[in-house]
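Just so it is clear, the values below take in all heavy atoms, side chains as well, and ignore hydrogens, waters and symmetry mates.
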Amino acid sequence: MKRILYISLVIVPVSLFGKVTMQNPDSLFALANKYYTEGKYSEAVTHYEAIVANGKVSAELYFNLGNAYFKQNDIAHAILNFERAYLLNPGDDDIAFNLELARAYTTDKIEAIPDFFVVKWVKSISNLFSSNTWAFLAISSFIIALILFMIFQFSGKYLIKKYAFIISWFSAFIFIVSLAFSVSQKNRIVNSNHAIVTSSAVSVKSSPSESSNDLFILHAGTKVETLRSVGEWCEIRIADGNKGWLPKSAFERI
């Protein structure tokens, strides 16, 4: 496993001995990291999960939590948290590395339907940065384009006007692309419809009923796409396109 991150969080409540108390966020996160480095992975998980439960999350927090679960040999929850970290920061190589490493320990080896090469290429570019980074690039390029356009309007020199015009249009293009990628990444986070199977083994049903036919079996750590819900059941699709129904208790959403 690659690195554990030592970072500062904003505000964090912590759960100790089943009760929620308030503690300095930096000292709390440092304590969780201390437990991790001492090999007390259960205590580390408890502290990281307390932060998550109160909504103060980050890619780094999910990454550390995934590492702690991995050390406990809880591969499903390790993958779940690496996926959450990757969703927030897809450009982080360590997150991607640990996610792939954890996936290697899963039972189900499902061959995914490949994306059209253009879609794959666009996704690879979009995943270079997080939504916030793309937003920063969009704002920066917009400001640059605006300044250059003003120079184009008011400069009396031909060469300056020429290059200001060309670069301003290039900056405007970067603004549009960055804004589109930022919105796309944000939508992926807010409207995430994927989940990780956390049950050790579960039968996928042909309809939302225990008495319906078994279609196939999924094991802990497998990623599924959630489609629609009926009561306590959810229709899911796996990477190879096969569909079926799972009880909601068998998975956790990313």
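The NZ atom of Lys71 sits 15.5 Å away from atom OG of Ser42, with the distance rounded to the nearest 0.5 Å. Taking CD1 of Ile176 as the start and OG of Ser171 as the end, the distance is 11.0 Å to the nearest 0.5 Å. Separation of atoms CH2 (Trp134) and OG (Ser184) is listed at 10.5 Å; rounding is to 0.5 Å.
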Under the side-chain contact (heavy atoms from CB on, under 4.5 Å) criterion, do Lys248 and Arg253 qualify, and how do the steps go? CA-CA 9 Å; Lys248 293 179 180 178; Arg253 293 184 182 274; 5.6 Å; no
For Glu83 and Arg103, what are the C-alpha separation, side-chain angles and deciding distance, and is it a salt bridge (Lys or Arg N to Asp or Glu O under 4.0 Å)? CA-CA 10 Å; Glu83 287 277 8; Arg103 284 173 176 167; 2.6 Å; yes
side-chain contact (heavy atoms from CB on, under 4.5 Å) evaluation trace for His194 with Ile254: CA-CA 6 Å; His194 287 86; Ile254 296 172; 3.8 Å; yes
Carefully, step by step, assess Phe82 and Phe70 under the rule ring pair (Phe, Tyr, Trp, His ring centres under 6.0 Å). CA-CA 10 Å; Phe82 289 145; Phe70 187 89; 7.1 Å; no
Take Trp233 and Arg228 through the side-chain contact (heavy atoms from CB on, under 4.5 Å) test and state the conclusion after the steps. CA-CA 9 Å; Trp233 291 82; Arg228 58 188 173 122; over 6 Å; no
Could you check Tyr48 against Phe29 for ring pair (Phe, Tyr, Trp, His ring centres under 6.0 Å), going step by step and ending with a plain yes or no? CA-CA 8 Å; Tyr48 291 138; Phe29 199 76; 5.7 Å; yes
Does Asn64 form a side-chain contact (heavy atoms from CB on, under 4.5 Å) with Tyr36? I'd like the steps, not just the answer. CA-CA 9 Å; Asn64 286 8; Tyr36 181 92; over 6 Å; no
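Linking Ile, Leu, Val, Met, Phe, Trp and Tyr whenever their side-chain heavy atoms come within less than 4.5 Å leaves Leu146 and Phe165 in two separate clusters. Using a 4.5 Å cut-off between side-chain heavy atoms of Ile, Leu, Val, Met, Phe, Trp and Tyr, with links allowed through other members, Val224 and Ile79 fall into different hydrophobic clusters. Using a 4.5 Å cut-off between side-chain heavy atoms of Ile, Leu, Val, Met, Phe, Trp and Tyr, with links allowed through other members, Leu87 and Leu101 fall into the same hydrophobic cluster. Both Trp121 and Phe173 are assigned to one and the same hydrophobic cluster, defined by single-linkage of ILVMFWY side chains at heavy-atom distances under 4.5 Å. Linking ILVMFWY residues whenever their side-chain heavy atoms come closer than 4.5 Å, directly or via other members, places Ile189 and Val52 in the same cluster.
In this structure, the side chain of Ser58 engages the main chain of Leu61 through a donor-acceptor pair within 3.5 Å. Not a single donor-acceptor pair under 3.5 Å links the side chain of Ser212 to the backbone N or O of Pro208. Checked by atom type and distance alone, the side chain of Lys157 never pairs as donor or acceptor with a backbone atom of Lys162 at under 3.5 Å. For Ser178 (side chain) and Ile174 (main-chain N/O), a donor-acceptor pair under 3.5 Å exists by modelled atom type.
Annotation: cation-pi geometry satisfied between Lys161 and Phe152 (NZ/CZ under 6.0 angstrom from ring centroid, within 45° of ring axis).
Counting heavy atoms from C-beta on, the side chains of Thr106 and His219 never come closer than 4.5 Å. In this structure, the side chains of Pro90 and Gln185 come closer than 4.5 Å at one or more pairs of heavy atoms. A heavy-atom distance below 4.5 Å is not found between the side chains of Asn242 and Leu215. Side-chain contact between Leu218 and Leu246: present, with at least one pair of heavy atoms (C-beta onward) separated by less than 4.5 Å. The closest side-chain heavy-atom distance from Val230 to Trp245 is below 4.5 Å. You'll find the side chain of Lys243 stays beyond 4.5 Å of the side chain of Ile236, heavy atoms only.
Just one of Asn81, Asp93, Asp92, Asn67 meets the side chain to side chain donor-acceptor pair (under 3.5 Å) condition when paired with Asn98; it is Asn67.
For the residue pair Ala44 and Ala68, the shortest heavy atom distance occurs at CB-CB, 4.4 Å. In this structure, Ala239 and Ile110 approach most closely via the heavy-atom pair CB-CG2, 4.0 Å. Between Ser141 and Phe175, the closest heavy-atom pair is OG-CA, 3.0 Å. Heavy atoms only, all atoms of each residue included: Asn89 and Ala59 are closest at CB-CB, 3.8 Å. Looking at every heavy atom in both residues, Asp108 comes nearest to Ile217 through OD1-O, 4.1 Å.
Note: Tyr41 and Tyr35 fail the aromatic proximity criterion, with ring centroids not under 6.0 Å apart.
At a cut-off of 3.5 Å, with distance as the only test, no side-chain donor of Gln72 or His77 sits close to an acceptor on the other residue. With hydrogens and angles left out, the side-chain atoms of Thr226 and Asn193 include no donor and acceptor closer than 3.5 Å. Between the side chains of Thr133 and Ser130, at least one donor N or O sits under 3.5 Å from an acceptor N or O. Remark: the Ser209 side chain and the Ser207 side chain contain no N/O donor-acceptor pair separated by less than 3.5 Å.
Tyr69 pairs by the side-chain hydrogen bond (donor to acceptor under 3.5 Å, both in side chains) definition with Glu49, not counting sequence neighbours.
Counting non-hydrogen atoms of other residues, nucleotides and ligands closer than 6.0 Å to CZ of Phe216 gives a total above 12. A 6.0 Å sphere centred on NZ of Lys123 holds no more than 12 heavy atoms belonging to other residues, nucleotides or ligands. Remark: Glu100 CD is packed, more than 12 non-hydrogen atoms of other residues, nucleotides or ligands lying under 6.0 Å away.
Hydrophobic cluster membership of Ile143, counting Ile, Leu, Val, Met, Phe, Trp and Tyr whose side-chain heavy atoms lie under 4.5 Å apart directly or via other members: Ile139, Ile144, Ile147, Leu148, Ile151, Ile160, Ile167.
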